[in-house]
Amino acid sequence: MLNYRVVIFAFALIFGVVFSIPSLMQSESGKKITLGLDLQGGLHMLLGVKNEVAIASKSKSIASSIKYIFDDEEIIFDALKLDEDTGVVTFEILDKDDIAKVNKLLKEELEGVTFSENSLKYSLQMTTEEIERTKKDAIDQAVDTIRGRLNEFGLAEPTVAKQGEDKILVEVPGIKTQEDEQRIRELIARAAHLQLMAVDEERIARVHSMSPAEAKSYGDVILPDVNTGEKYLLKGIPVLDGSMLTDAKVGFDENSQPVINFALNGQGAKIFGDFTAISVGKRMAVVLDNQVYSAPNIRERIGGGHVQISGQFTMEEAHDLAIALRSGSLLAPVYVMEKRSVGPSLGADSIKASSMALVLGFILVVIFMVIYYGMAGVVANVALIGNLFLILAIMSLFGATLTLPGMAGIVLTVGMAVDANVIINERIRELLNEGKSIAKSIEDGYKNAFTAIWDANVTTLIAATVLYAYGTGAIKGFALTMSIGIMASMLTAIVGTHGIYQWVLPKMDKNRLGYWFGIKGSK
């Protein structure tokens with residue numbers, strides 16, 4: 001008679017078979033497992049990080065913070081400049097009574113800096129410890145940012161990991177065309193450094209005759225328009241930067257052209273609102289990676305912290321730029337030190353060898369179970385088949401990436417899945433040898449074995465979870481397949497086989513225990 005355990009197992013088996021088909025047949029339709037770089041080839045890159053740019057950006061951020069703090073505290077100051085070559089920030093206060101207040105603010109509000117004062121003129125720069133910390137942060141932040149960009153792009157299981165002290169390893173499976181490779185490289189390498197900068201209205205008329213050195217002497221920079229190349233003279237210290245950005249989405253302007261709409265956090269919205277309030281009639285440039293995308297006139301105070309970037313984008317460019325902005329700018333630009341395309345030939349050999357190992361291991365386990373446990377071994381093998389289909393189905397639904405270590409995880413799961421039934425069968429055999437009935441032996445056998453099986457699987461699952469949380473790339477693939485296999489085996493090996501035993505119990509004959517459970521000395 002059918003029971004709920006058999007019904008659950010039957011549904012699980014059907015589910016596994018149906019959703020495994022696209023992966024097994026490699027059909028175009030339906031969700032299927034993605035093969036990793038080691039199996040299908042892809043793009044391998046080793047990136048370097050320009051730490052000196054991170055230090056310059058941090059110095060510029062310090063200068064922006066000083067301006068914001070002094071404006072907020074109503075401290076009158078002048079000649080705020082940044083020497084990007086040395087990282088030294090200089091400014092002058094106009095009232096000597098403010099010296100004590102300025103010193104207190106610099107100590108309390110700015111970390112990792114040292115400063116000196118002479119005749120109301122201040123000189124400020126980062127400490128050696130802060131410079132080293134900034135370099136380390138630039139590497140760590142680049143790893144997180146690049147990983148976030150590739151994940152948002154929709155790539156399956158990219159590997160992004162720190163290598164050594166100042167390098168980043170990037171592996172992206174499935175990149176087959178030059179166009180895809182170029183797009184990925186641009187997405188990875190794009191600094192996405194957003195700045196809102198004031199136009200120097202007093203000197204803008206001389207921009208075409210002004211050299212960069214002369215502009216620097218005024219505390220300005222000369223930057224080109226992204227489309228026309230027209231030069232803009234901008235105040236070197238930005239009003240605010242991309243660190244205050246909270247979101248970026250693709251939108252459309254009144255001409256149905258793609259634009260980027262981005263939102264600022266509370267501090268950024270306040271700074272933006274205050275700046276636009278005192279700059280009515282002047283221009284503010286939207287600068288991205290040292291190129292001016294627009295420089296509109298400010299007609300009124302703009303509150304809410306919402307800004308728009310327009311620049312004659314294609315939809316693809318706007319989409320990739322929004323991803324780069326959302327995932328955060330790189331503190332320091334990255335550059336390609338080594339690049340190679342990994343061909344799928346290694347993958348074909350690896351798939352063949354791993355598949356052979358999986359099939360051979362499966363066949364040996366199946367044969368052993370049948371010989372040693374009789375029909376109980378057949379029941380365990382049915383559960384094992386269901387377990388394999390469930391692993392493939394769940395990985396297919398989530399679009400998981402299968403790597404060589406992942407295939408090793410499946411092979412390992414085969415042994416772990418059948419191990420539960422070995423424990424159960426041994427418990428049943430012990431009870432039968434004590435003279436208990438088949439029904440009582442089956443029920444007590446599952447009850448006695450459950451604790452050992454549960455403890456073993458939970459501890460292994462915890463280890464797999466830690467591997468997935470802290471591992472990268474191939475390690476994650478191994479942890480994922482092992483985790484799915486453990487959970488699937490709990491369903492198939494405990495619920496499924498128990499239900500099958502209950503279903504065939506009326507047909508079991510105590511005089512044929514050798515046939516049903518492989519007990520020696522019984523027919």
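These values consider heavy atoms only, across backbone and side chains, with no hydrogens, waters or symmetry-generated copies.
- Within the structure, ring-ring contact (aromatic ring centres under 6.0 Å, His included) contacts touching residues 423-446 (residues at least two apart or in different chains) are Y446-H498.
- Looking at S256, its side chain never comes within 3.5 Å of a backbone N or O of F252 through a donor-acceptor pair.
- Remark: side-chain polar atoms of N3 are paired, donor with acceptor, to backbone N or O of G499 under 3.5 angstrom.
- Electrostatic pairing of E52 and K135 does not count as a salt bridge here, judged by no charged N lying under 4.0 Å from a carboxylate O.
- Residue E111 places its CD atom among 12 or fewer non-hydrogen atoms of other residues, nucleotides or ligands, all under 6.0 Å distant.
- Contact of the L46 side chain with the I168 side chain is not registered, since no non-hydrogen atoms from C-beta on lie closer than 4.5 Å.
- Of all the heavy atoms in S483 and T465, the pair that sits closest is OG-N, 4.5 Å.
- Separating the OH atom in Y335 from the CE atom in M45 is a distance of 14.0 Å, to the nearest 0.5 Å.
- Considering only heavy atoms from C-beta on, L505 comes within 4.5 Å of I442 through its side chain.
- In terms of heavy atoms, A380 sits closest to M369 at CB-CE, 3.6 Å.
- Side-chain atoms of L169 and H44, non-hydrogen and from C-beta on, do get closer than 4.5 Å to each other.
- Proximity of the aromatic rings of F15 and F19 is defined here by a centroid distance below 6.0 angstrom, and this criterion is met.
- Judged purely by atom type and a 3.5 angstrom limit, K510 uses its side chain to pair as donor or acceptor with the backbone of K436.
- A heavy-atom distance below 4.5 Å is found between the side chains of I428 and Y501.
- In this structure the side chain of L392 never reaches within 4.5 angstrom of the side chain of S23, judged on heavy atoms.
- Between the side chain of S396 and the main chain of S20, no donor-acceptor pair closer than 3.5 Å is present.
- Between the side chains of Y373 and E426, a donor-acceptor pair is found at a separation under 3.5 Å.
- For the pair K162 and I139, the minimum side-chain heavy-atom distance is below 4.5 Å.
- Between the side chain of N381 and the backbone N or O of V366, at least one donor-acceptor pair lies under 3.5 Å.
- A donor-acceptor pair is defined here as one N or O able to donate and one able to accept, closer than 3.5 Å; such a pair exists between the side chain of N425 and the backbone of N421.
- Using modelled atom types, one side-chain atom of R429 and one backbone atom of G518 make a donor-acceptor pair closer than 3.5 Å.
- Listed by chain and number, the residues in a ring pair (Phe, Tyr, Trp, His ring centres under 6.0 Å) with F362 amount to none (sequence neighbours excluded).
- In this structure, the side chain of S65 engages the main chain of S61 through a donor-acceptor pair within 3.5 Å.
- The shortest distance between side-chain heavy atoms of F517 and M508 falls below 4.5 Å.
- Between the side chain of R147 and the main chain of V160, a donor-acceptor pair closer than 3.5 Å is present.
- Between I453 and M490, the closest side-chain pair of non-hydrogen atoms falls below 4.5 Å.
- Remark: I500 pairs with F9, V379, V382 by the side-chain contact (heavy atoms from CB on, under 4.5 Å) rule, at least two apart or across chains.
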